[in-house]
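To start, the structure under review is shown below, and the notes come after it.
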Amino acid sequence: MNSPAASARDPQDYNTLDDDTFRITVRRWVEANYPPEIRNPPKRLHWHENKVWFFKLSEKGWLAPSWPREFGGMGLSSSKQLIMIEEFERHGCCRFNDHGVIMVGPLLIQHGTEAQKQHFLPKILSGEYIWCQGYSEPNAGSDLAALRTEAVLDGDHYVINGQKIWTTLAMDANWIFCLVRTDKNAKKQEGISFLLIPMDTPGITVRPIITLDMHDEFCETFFDNVRVPRENLVGQVNKGWTMAKALLGFERIFLGAPKQSQYALARLKQLAERMGVWEDESFQDRYVRLRLDIADLRELHATYVEIVRRGETLGPDVSQLKTWQTELFQRITELSLEIAGENAALLDPMEGNRELHPSGLYLQARPATIYGGSNEIQRNIVAKNVLELPDR
Amino acid sequence: MNSPAASARDPQDYNTLDDDTFRITVRRWVEANYPPEIRNPPKRLHWHENKVWFFKLSEKGWLAPSWPREFGGMGLSSSKQLIMIEEFERHGCCRFNDHGVIMVGPLLIQHGTEAQKQHFLPKILSGEYIWCQGYSEPNAGSDLAALRTEAVLDGDHYVINGQKIWTTLAMDANWIFCLVRTDKNAKKQEGISFLLIPMDTPGITVRPIITLDMHDEFCETFFDNVRVPRENLVGQVNKGWTMAKALLGFERIFLGAPKQSQYALARLKQLAERMGVWEDESFQDRYVRLRLDIADLRELHATYVEIVRRGETLGPDVSQLKTWQTELFQRITELSLEIAGENAALLDPMEGNRELHPSGLYLQARPATIYGGSNEIQRNIVAKNVLELPDR
Amino acid sequence: MDAAEDRNESLRMLRDSAAAIAPRGGDLKRIRDLRFSEPGFDRAVWREICAMGWPGLRLAEDVGGSGLGMREFVALVEELGAGLVPEPLIPVAMAARLLPADHLASVLSGERIVIPAWQERPNSLDAVGGTTLSGGKVTGKKMFVPQAAGADAFLVTVQGGLALVQRDAPGVSLVLEQTQDGGNFGTLSLDGAPAEAIAGDASDALEEAALATSAYLLGAMDRAFAMTLDYMKTRQQFGRTIGSFQALQHRAVDLKIQISLTRASVEAAAATLDSVTVPALRQSAVSRAKARAAEASMLVTKQCIQLSGGIGYTDAYDVGLFLRKAMVLSNLYGSAALHRARYAAVTPEQDDE
Amino acid sequence: MDAAEDRNESLRMLRDSAAAIAPRGGDLKRIRDLRFSEPGFDRAVWREICAMGWPGLRLAEDVGGSGLGMREFVALVEELGAGLVPEPLIPVAMAARLLPADHLASVLSGERIVIPAWQERPNSLDAVGGTTLSGGKVTGKKMFVPQAAGADAFLVTVQGGLALVQRDAPGVSLVLEQTQDGGNFGTLSLDGAPAEAIAGDASDALEEAALATSAYLLGAMDRAFAMTLDYMKTRQQFGRTIGSFQALQHRAVDLKIQISLTRASVEAAAATLDSVTVPALRQSAVSRAKARAAEASMLVTKQCIQLSGGIGYTDAYDVGLFLRKAMVLSNLYGSAALHRARYAAVTPEQDDE
């Protein structure tokens, strides 16, 4: 882990700017400061690759747009936050190791003790503490509440035993925020608590998972009698489930954004041109369907963004968005494989051009319907909570 | 009801012919005797329209290929029966009111008393008794065993009360074979019996159901204190379910035959030519997919026909065939509507040509996935009995 | 924020006013009774509709209209689609957009019904065609004229403009064909029929009619879906409510997604027509909406039949009325395939990103 | 009946013999260990395969073959697909069909591996191309040569015939690319390389290779599906076996239907190759089978990943090996689209009825 640069606080209150001025401000700064070599990365980058961007944001004081200004954030309104996201996406900025900023910070601001806030928040903003998330377990995937990693109080310490899986970029992190079971006798969703654990605590083992696309974004994390001080508990004991659910609020609109599908469609076009099928009427017929599927996704997504912009809470119907976007993303990559001919077989990009890599994109698209709540779960949610279909 | 012609017994044992000779024999006879005005009817014909064909077969002694010769049937081997079906289909012969021959005859031959056989079988073959089937009820569709039409013994008579639905061509029939509940306290599938009921018994009311395609093939049949002699019970009391299930054996291979889809594809081609899209590459792309779907259906169907030819019993996996055929049939009619332009709206055939009637064929295809056990039920059967997936 | 809230409030009021003609959740007896009759709708109800000002909703107030936008029109038509209202609002509103001020009063009052006749071949959005007006006489042939049986006059598109032809004028022959929804299409043959020349071009009014048809389909599929959900919540088989079966639940969710996409697409297109004047952008938005509405309405209504089981296949069951309506409107004012092709032709690739 | 029973018995025995190389339900450690190695398969296992006579299965007995038909070859290859056997049986058997008798012994014994090199552009079934043989020297470029890293020689298709080129001959350059299944494709550049002229035409051997590839895909998807069913019967979530969820059950049934269609199609095509000599009928049958196998195998294996949830996305989970194999073989010897187009071109319409 490199030593972090100092984080700054941006003195300006950007909420006072009109939207267009703010958008231009962000755009100019990003264009001037974003490292060109990591624009539009085809895979999720590791800390050693993305930290240069992290520190740029940290130094500028723009790392935490949603945090209140008193804690070092920008305190931006929802609509201004969305503008920032749009501009970052437009420029092709990578996602950095953002669990600290997106998950842990807001959690502590709402539920943390004064001491926790004072200790952790500055170190999140400076990049000193880099986080990963310990939620899923081998037998608690779709059914997350079935988690069994256990934390037992022993004097002033919790002793943790168990296993987490799909801990994104755990090998890059020096802290993990975990859901653990603190009451085995309570009902499933109860008896779960939130713990913050340094990754260098004895008893923690991290093992990367190689995924279908041969990437090592995810890990398994094992806990063998891992001891952490009880002050590392966030919020009330046995109330972790409610806090975790609230943190998931934004995830589905994020996973339902048209960006992935748009990226895949642009690659499909490039490939079709390369393969000489671009002008084929039957290809065009399928291509325009996908264009329209994205166009309508964009409109549907905009209606949810509008809800966020108004500061309202997203309902369970946002699961529709995640379902449609992820399956559309996959369909685009499937058509890419179909037209790639024998190149569909290749492990590496075609002709050394990373934008011509249909097999890679196809494999990268596979988990989209599994993570963030599998699409089967999303459909259950819509069926039960939106359509109000019965259980029996 | 017209008075029937006399039925004959064909003295020849066709099993002694080789397959090709038999096929030619059937083909020549059909070509010479089938009424040309009812070839390839677009809808199921009523008795007054199809009886001319019924009586031709009856006079020739070919009405009941599967019945033993001692009861007036042809006593044909399975493979010879299939040749007859193939030749009838090839020529575009209509389906007549065949419940007597296909369902009631075999039921009585296996489970009937001597008196029942002597009374009913000749009258089935002569066309004196025309049958309809009383299985489904408004609250017992997919869940047939939930039927509630009740038969209570009162002296030497059963008294029947209740309602049947989807009684095919009930207005043409003078007898109905019914599943009725004879024991209300037994478990669902038990306590069901088979009764034969004359349609002119006081208390029976028939009401045609107009279907989406504006046809009156189906009826509702109401029973209000209908009295029939207890001799009209077939087989043992409370054992009707098992007998009924055995009769359904052939239905799924019949519903899975490629004929419907082939007919629809030929109409699609005609329509595409008429609409000027036949040469379009994108149409051809979709058309060849459908051709291949039929071609593979034909091969899969042939594997099941081969099982029948060998005289073996069809397993639950034949539900795959019904599922695929009916959904393919529907997909073909859906593409027809898509390319028909504004003509898709028309109630009647285009330009007075009954072969250019995309809206009619589309609507006729709708129930294919509902009747004969809905496709949802077929998928349940395959999931449980073929894939052996668990209930919990 | 206030302006947006005001607008939402006025949309709500307009939707509510539609309940006078198409009561929400009301039965469909009136609709059923009018099927396969002539003209296929109720002239008295049409006058009520006119009294509420709907055919002139989009017209300026100084010519007797309400001066409202496509967003309002689309919201209203969606409600009428939910009620399967057969009165010819979409074609008459299209005619009203094209008629000069001095012809409007009798049309907006409902006294006379003028239906546009623009189409000369199937699967076409060409609003002009080969029909000619010369020396006050019009000659040509128009097809698929919706609800033609109820027209008092036709607003015929001709080369270089429009022509108003009275139905009972000499040289006019009208052949009617029944449609699956119980209405009718007319084939209008004009053989030197006397006509009044009207200046103008029907293209943009046609865009509005195509988008309004998408909204009608949206309302129809949404109501059919709601009825099917109700059925799924009550129908019992195997000792369970059929709506509890997961395979049916997931299928229902897929239909819901299509309805949501259609709504987003239709509403965005209406906003585009209200704010953008570039023809390509307007056409792009309309084609996107109509392509989605056409396919989604066919998918949703056919699945509603399947989810209803045997009863869904009876003509007596109301969900079938929605399927029939989708069969009629999906390909009217351009099929999904036609609109997809037009979308591809008029929409620059970078607009996707 | 006896002949048919005999034949079924011999097919069963052949399938059983495949278990020596690909144990039914056996683990895939050998397969996994060989991935991304060179040549991507095990030469010792290849010699075992040769000892069982598989490369010559289709050859006449007087040239050292077994004299069996495509039905037998397809049954065998299906079993190898179930075990993801990476040894190059399909290409070598193709070469063996083309080599003269005096070249066969060393190939059938496994001593030398000869791989056909016929393809010059992507998405093509043109077995000839523009490569030329003149004065004993061959010049041209061949692509997508499967398992090329293990070849001792290439049987190159040239205008007017074939040419046998040793791998280490001057003027031969071979560039390897790794494939998703852990094997490799070779791009073979021939610049005046010395070659031996062989009379013949690769077209029909190519049909056999395409059909065998379909059978391999059938075996692979069937095994992946069986593994997934096992997972669905054991994996618990929400206190239930996930295989009890109806939405997953119905999806599994749809996969089963595709597998059944593929099996029927592949077996019928094999029977056609064994009994019909008309080229169009043979091509039609092969194209039907390959089009189905290509699409079905991609559908089945991708759904097997989805049905397995997160674990399905790990490289360590075996089902992914089947997905990768489908990615490699679906488009090899012609993609689904290519075979559909060819089917349409060679199959008279009335054959559908």
Side-chain angles (χ1 to χ4, degrees), chain B residues 79 89-90 92 256 258-259 261-263 265-266 269 278 281 284-304 306 309-311 316-325 327-328 375-392, chain D residues 1 4-5 225-226 228-230 232-234 236 239-269 271-272 284-285 287-289 291-293 295-296 336-337 339-345 347 349-353:
Chain B
S79 62
E89 290 195 345
R90 202 187 135 276
K259 196 192 167 196
S261 294
Q262 281 167 345
Y263 177 81
L265 192 79
K269 181 181 179 181
W278 174 247
E281 193 195 314
Q284 280 293 327
D285 195 51
R286 298 175 73 183
Y287 183 78
V288 68
R289 281 176 187 270
L290 296 171
R291 278 185 79 183
L292 283 163
D293 285 347
I294 293 180
D296 287 340
L297 166 65
R298 211 163 349 113
E299 301 302 347
L300 185 60
H301 181 253
T303 65
Y304 287 102
E306 187 54 34
R309 204 185 294 278
R310 288 199 305 265
D317 55 321
V318 71
S319 288
Q320 295 179 86
L321 195 68
K322 192 260 174 178
T323 304
W324 177 250
Q325 195 289 124
E327 293 174 11
L328 171 55
N375 285 22
E376 289 79 11
I377 297 293
Q378 308 291 348
R379 284 190 169 84
N380 286 346
I381 289 171
V382 177
K384 285 176 185 158
N385 302 324
V386 181
L387 306 182
E388 297 177 336
L389 287 165
D391 281 330
R392 277 213 64 85
Chain D
M1 266 322 213
E5 272 171 28
F225 184 60
T228 303
L229 285 178
D230 284 346
M232 290 172 73
K233 289 172 192 176
T234 50
Q236 302 271 327
R240 293 172 56 175
T241 315
I242 63 165
S244 72
F245 287 104
Q246 197 195 28
L248 305 193
Q249 289 186 344
H250 283 200
R251 208 185 302 162
V253 171
D254 287 335
L255 304 182
K256 174 68 180 172
I257 291 174
Q258 288 300 316
I259 296 170
S260 299
L261 288 167
T262 308
R263 171 158 288 115
S265 195
V266 166
E267 291 183 351
T272 298
S284 172
S287 282
R288 193 190 61 212
R292 175 70 54 190
E295 288 220 336
H339 279 290
R340 280 195 299 269
R342 194 177 75 155
Y343 177 87
T347 317
E349 203 80 37
Q350 59 270 30
D351 287 10
D352 288 348
E353 284 157 35

In terms of heavy-atom proximity below 4.5 Å to chain B, should D:Phe225 be classed as side chain, backbone, both, or neither?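 When you check distances to chain B, only side chain atoms of D:Phe225 fall under 4.5 Å.
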
Is it the side chain or the backbone of D:Ala291 that comes within 4.5 Å of chain B heavy atoms, both, or neither?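 The answer is the side chain of D:Ala291.
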
For the residue pair D:Ser260 and B:Leu300, what are the closest heavy atoms and their distance?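 Closest heavy-atom pair between D:Ser260 and B:Leu300: O-CD1, 3.7 Å.
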
Search all heavy atoms of B:Asp391 against all heavy atoms of D:Arg240 and return the closest pair with its distance.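 Between these two residues, the closest heavy atoms are O-NH2, 4.4 Å.
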
Top contributor to chain D contacts, counting heavy-atom pairs under 4.5 Å, from B:Leu297, B:Asp285, B:Thr303, B:Val382: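 Option with the top pair count is B:Val382.
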
Can you say whether [X] sits under 4.5 Å from chain D via the side chain, the backbone, both, or neither, judging by heavy atoms?
X: B:Lys259; answer: neither
X: B:Asn375; answer: neither
X: B:Asn380; answer: both

Pick whichever of D:Glu267, D:His250, D:Arg263, D:Gln246 has the most heavy-atom pairs under 4.5 Å with chain B.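 Looking at each of D:Glu267, D:His250, D:Arg263, D:Gln246 in turn, D:His250 comes out on top.
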
Quick one: pull up CH2 in B:Trp324 and CD in D:Gln258 and give me the separation to the nearest 0.5 Å.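 B:Trp324 atom CH2 to D:Gln258 atom CD measures 4.5 Å (nearest 0.5 Å).
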
B:Leu292 CG to D:Ser265 OG distance, which is reported to the nearest 0.5 Å: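 Output value for this atom pair is 8.0 Å.
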
Answer yes or no: is there a side-chain heavy-atom contact under 4.5 Å between [X] and [Y]?
X: D:Ile257; Y: B:Thr323; value: yes
X: D:Lys233; Y: B:Glu388; value: yes
X: D:Gln249; Y: B:Arg379; value: no
X: B:Gln320; Y: D:Leu261; value: no

Listed by chain and number, what are the side chain to side chain donor-acceptor pair (under 3.5 Å) partners of D:Arg251, not counting sequence neighbours?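 Checked D:Arg251 against side chain to side chain donor-acceptor pair (under 3.5 Å); matches are A:Glu376, D:Gln303.
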
Whether B:Glu299 and D:Arg292 form a salt bridge (side-chain N of Lys/Arg under 4.0 Å from carboxylate O of Asp/Glu) is what I want to check.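 Salt bridge: no.
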
Within the side chain of B:Arg291, is there an N or O that forms a donor-acceptor pair under 3.5 Å with the backbone of D:Tyr343?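 Side chain of B:Arg291 to backbone of D:Tyr343, a donor-acceptor pair under 3.5 Å: no, none is there.
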
